[in-house]
Q: 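What follows is a structure written as structure tokens; I'll ask about it next.
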Amino acid sequence: MRNLHILTIAAMTAISATAQTLKYPSAPKTDVVDEYFGIRVSDPYRQLENDTSEITENWVKAENAVTQDFLSKIPFRKDIKNRLLQLANYPKYSAPVRENDGKFYFYENDGLKNQSVLYRKDTIDGTPEVFLDPNTLSEDGTVALTGTSQSHDGKYTAYTIARSGSDWKEIYVMETATRKLLSDHILRAKFSDATWYGNGFFYSAYEINTSGKEYSEINLNHRVYYHTLGTPQSEDKVYFEDAAHPYHFHGVMIDDDETVLFLTSSGEGIGNTLQAKRLDIKDDSWHTIEATQNYDTYVIGVIDGKIYYRTTKGAPKGHIMVCDVNNPEQSSEFIPEQEGVISSVDVVPDGFIICCSVDASTHAYTFSREGKLTGEIKLPSIGSASFTTSRKHPEVFYSFTSFNFPPSIFEYDTKTGESKLYASPEIKGFNPDDYVTEQVFYTSSDGTKVPMSLTYKKGLKRDGNNPVYLYGYGGFAITLEPGFSPYRVLWLENGGIYAQTNLRGGLEYGEEWHEQGTKLNKLNVFNDFISAAEYLVKEKWTNSSKIAIEGGSNGGLLVGAVTNMRPDLFAVAIPRVGVMDMLRYHLFTIGWNWAADYGTVNDSAEMAKYLIGYSPLHNIKNDGTPYPAIMVTTADHDDRVVPAHSFKYAATLQASSTGNKPKIIRIDSKAGHGAGKPISKVVEEYTDIYSFIYYNMGITPKTK
């Protein structure tokens, strides 16, 4: 019997009445009209783009008051929060990695700490000690540790932090052995860690912004700097800049022996350029390995005078190339394109471990130093795996997870090919064997076969009445592989189905699959998603009154677009931190970087018309067509997809005639796009998401 309770007719009537009596705040309006190749488009809520204005701040406060008042009236909201706290309260680990000082480092969270703690130990079986606890960096857990980097001699460790979920980073340095904090402090770094060389490190950053608009103004002229230990940031030297191309990112990496420096540039294509320079030769010039941003190219390592790198040039699923450090311009194929998409390459003392994504699931293979396939690493089941290895040390660990398999750490023996469990969490009240995942393939509107994974409780009946949580992304060559979420257990244990669909626009089947969901092909992504919902209804998994859809960032765009296209197909929509204004996205922070996937209204009349035709903000119906219940989410420190997208979208929804179901916006404070969010805030957000979904489906979940 499904673990659900259907609300009474009286309760359902109360829901409808609540929605009808919602009084939304009045958003500031102007008469702004833009013209794109002769097409005039109004932008009445342009003032909400000003994230620091008093008008915007007052509107945000008023919207949050309406939202919190609505959510506070949901009778089971507190019970949901308590259950989510129970589910999240279990030990979480990362795979250990042997660093340059010879010690093993790993992250662990013993339950509900807001941020995971970085530990170290002398041997793999030794006693751990706290190396860095980010929970001590702020009282509310909103300062996140985003990365660490040891100097090649292991003497120093640089670490980066982000505040309130922002993409801006700060870099600190400490003595590794004593953990003594040094005076070095770098501000305004972005999309960068510390890359050690000599008596200092390289990092990438933007100039200091003094306008107070650092969370919304466009970011231009990314530079690579060199910092010498013990000196102030004001004395750091610009190592590389490209003023002719202000819309580029730049980053560097150095091999373990500090003999070769690599420079990458990206931002206007689907990939990146790659150049190399010998550091052991005086005044050596840059050598171009890849001159364009048309291919995804990254360095694997430098071994015995050879540079190994992975690229999609000449291989849509990726292949591995090799060149001599003395002649980087001349490369040859080392390991050819595989059946699956090459997603990662790790170096071990006697060869390589290569992970391939096959039908959106990890398969791991071993290759010799000569590039010959030597075997496959048997993983626990269909799922996703990531490895930590070293060229110098024999220890190999990997983390494995799937929809009903909490992240667990395995130790792999490269000599015997055997894996043994190293660490595995136990979640009280959750038995993985009670649930099952199956992969199905459905047909999209143009005949394309699309994979989707369905996870549910064993014994579930396909009676057309099961609640479905449908999730998708479909963009930027990102592959959605299986993964565990403790918060999802609440949905599953209440008889719900979690459906994750692998839309075009991702990299599930290589670069061709990605390109089929970009620019003038973007509608393929939305049609794939709509077809997934139609399949679930046709196959009697569910019906349209029981489908909740959710997606974040580019997935928020997806949810907004398909809601406009098929409002009849969904009961609840949760667009999270979404790109909702496709006409102006490129004008904020690093939005211009998405043009390779989306195109812009400035490209051509055809591109402008196409974007105007699906932009979520500009296609909300205003003719009484019933829309699903919608809760938009965003955050005040989101400088990836600025809150203005969600602000303008929510204001337009609330001013339009779209039926009586609620259209609210949840605006978090001291939070960003999602990375580094403390567990307390994650629990609060999922509490509100599930409360909103269940309430608007007329379901009271069991929480004990």
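Basis for what follows: all heavy atoms, side chains included, without hydrogens, waters or symmetry-related copies. This chain uses plain numbering: 1 for the first residue, then up along the sequence.
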Q: Is a donor from one side chain sitting under 3.5 angstrom from an acceptor on the other, for S331 and Y309?
A: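 Yes.
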Q: Which residues pass the ring-ring contact (aromatic ring centres under 6.0 Å, His included) test with F588, not counting sequence neighbours?
A: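 If we apply the ring-ring contact (aromatic ring centres under 6.0 Å, His included) test to F588, skipping adjacent residues, there are no hits.
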Q: Please check if the side chain of Q233 supplies one atom and the backbone of L187 the other of a donor-acceptor pair under 3.5 Å.
A: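 Yes, Q233 side chain to L187 backbone: donor-acceptor pair under 3.5 Å.
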Q: With sequence neighbours excluded, tell me which residues meet salt bridge (Lys or Arg N to Asp or Glu O under 4.0 Å) with D528.
A: R504
Q: Can you list the residues that meet the side-chain hydrogen bond (donor to acceptor under 3.5 Å, both in side chains) rule with H514, with sequence neighbours excluded?
A: E511, D597
Q: Which pairs, with at least one residue in residues 279-298 and sequence neighbours excluded, count as a salt bridge (charged side-chain N to carboxylate O under 4.0 Å, His left out)?
A: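 Every pair satisfying salt bridge (charged side-chain N to carboxylate O under 4.0 Å, His left out) with a residue in residues 279-298: R278-D280, E290-K313, D296-R310.
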Q: What pairs with Y473 under ring-ring contact (aromatic ring centres under 6.0 Å, His included), at least two apart in sequence or on another chain?
A: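 Y473 satisfies ring-ring contact (aromatic ring centres under 6.0 Å, His included) with no other residue.
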Q: Would you please name every residue forming a salt bridge (Lys or Arg N to Asp or Glu O under 4.0 Å) with E333, sequence neighbours left out?
A: none
Q: Considering only residues two or more places apart or on different chains, which pairs with a residue in residues 187-200 satisfy salt bridge (charged side-chain N to carboxylate O under 4.0 Å, His left out)?
A: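 Only K169-D193 qualify under salt bridge (charged side-chain N to carboxylate O under 4.0 Å, His left out).
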Q: Using the test ring-ring contact (aromatic ring centres under 6.0 Å, His included), find all partners of Y36 that sit at least two apart in sequence or belong to another chain.
A: none
Q: List in chain and number order the residues that pass ring-ring contact (aromatic ring centres under 6.0 Å, His included) with Y308, two or more places apart in sequence or in another chain; answer none if no residue qualifies.
A: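 If we apply the ring-ring contact (aromatic ring centres under 6.0 Å, His included) test to Y308, skipping adjacent residues, the hits are F334, F352.
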Q: Which residues satisfy the side-chain hydrogen bond (donor to acceptor under 3.5 Å, both in side chains) test with H245, sequence neighbours excluded?
A: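 D242.
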Q: If the condition is salt bridge (Lys or Arg N to Asp or Glu O under 4.0 Å), which residues does K213 pass it with, not counting sequence neighbours?
A: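 Residues passing salt bridge (Lys or Arg N to Asp or Glu O under 4.0 Å) with K213: D51.
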Q: Which residues satisfy the salt bridge (Lys or Arg N to Asp or Glu O under 4.0 Å) test with D167, sequence neighbours excluded?
A: R640
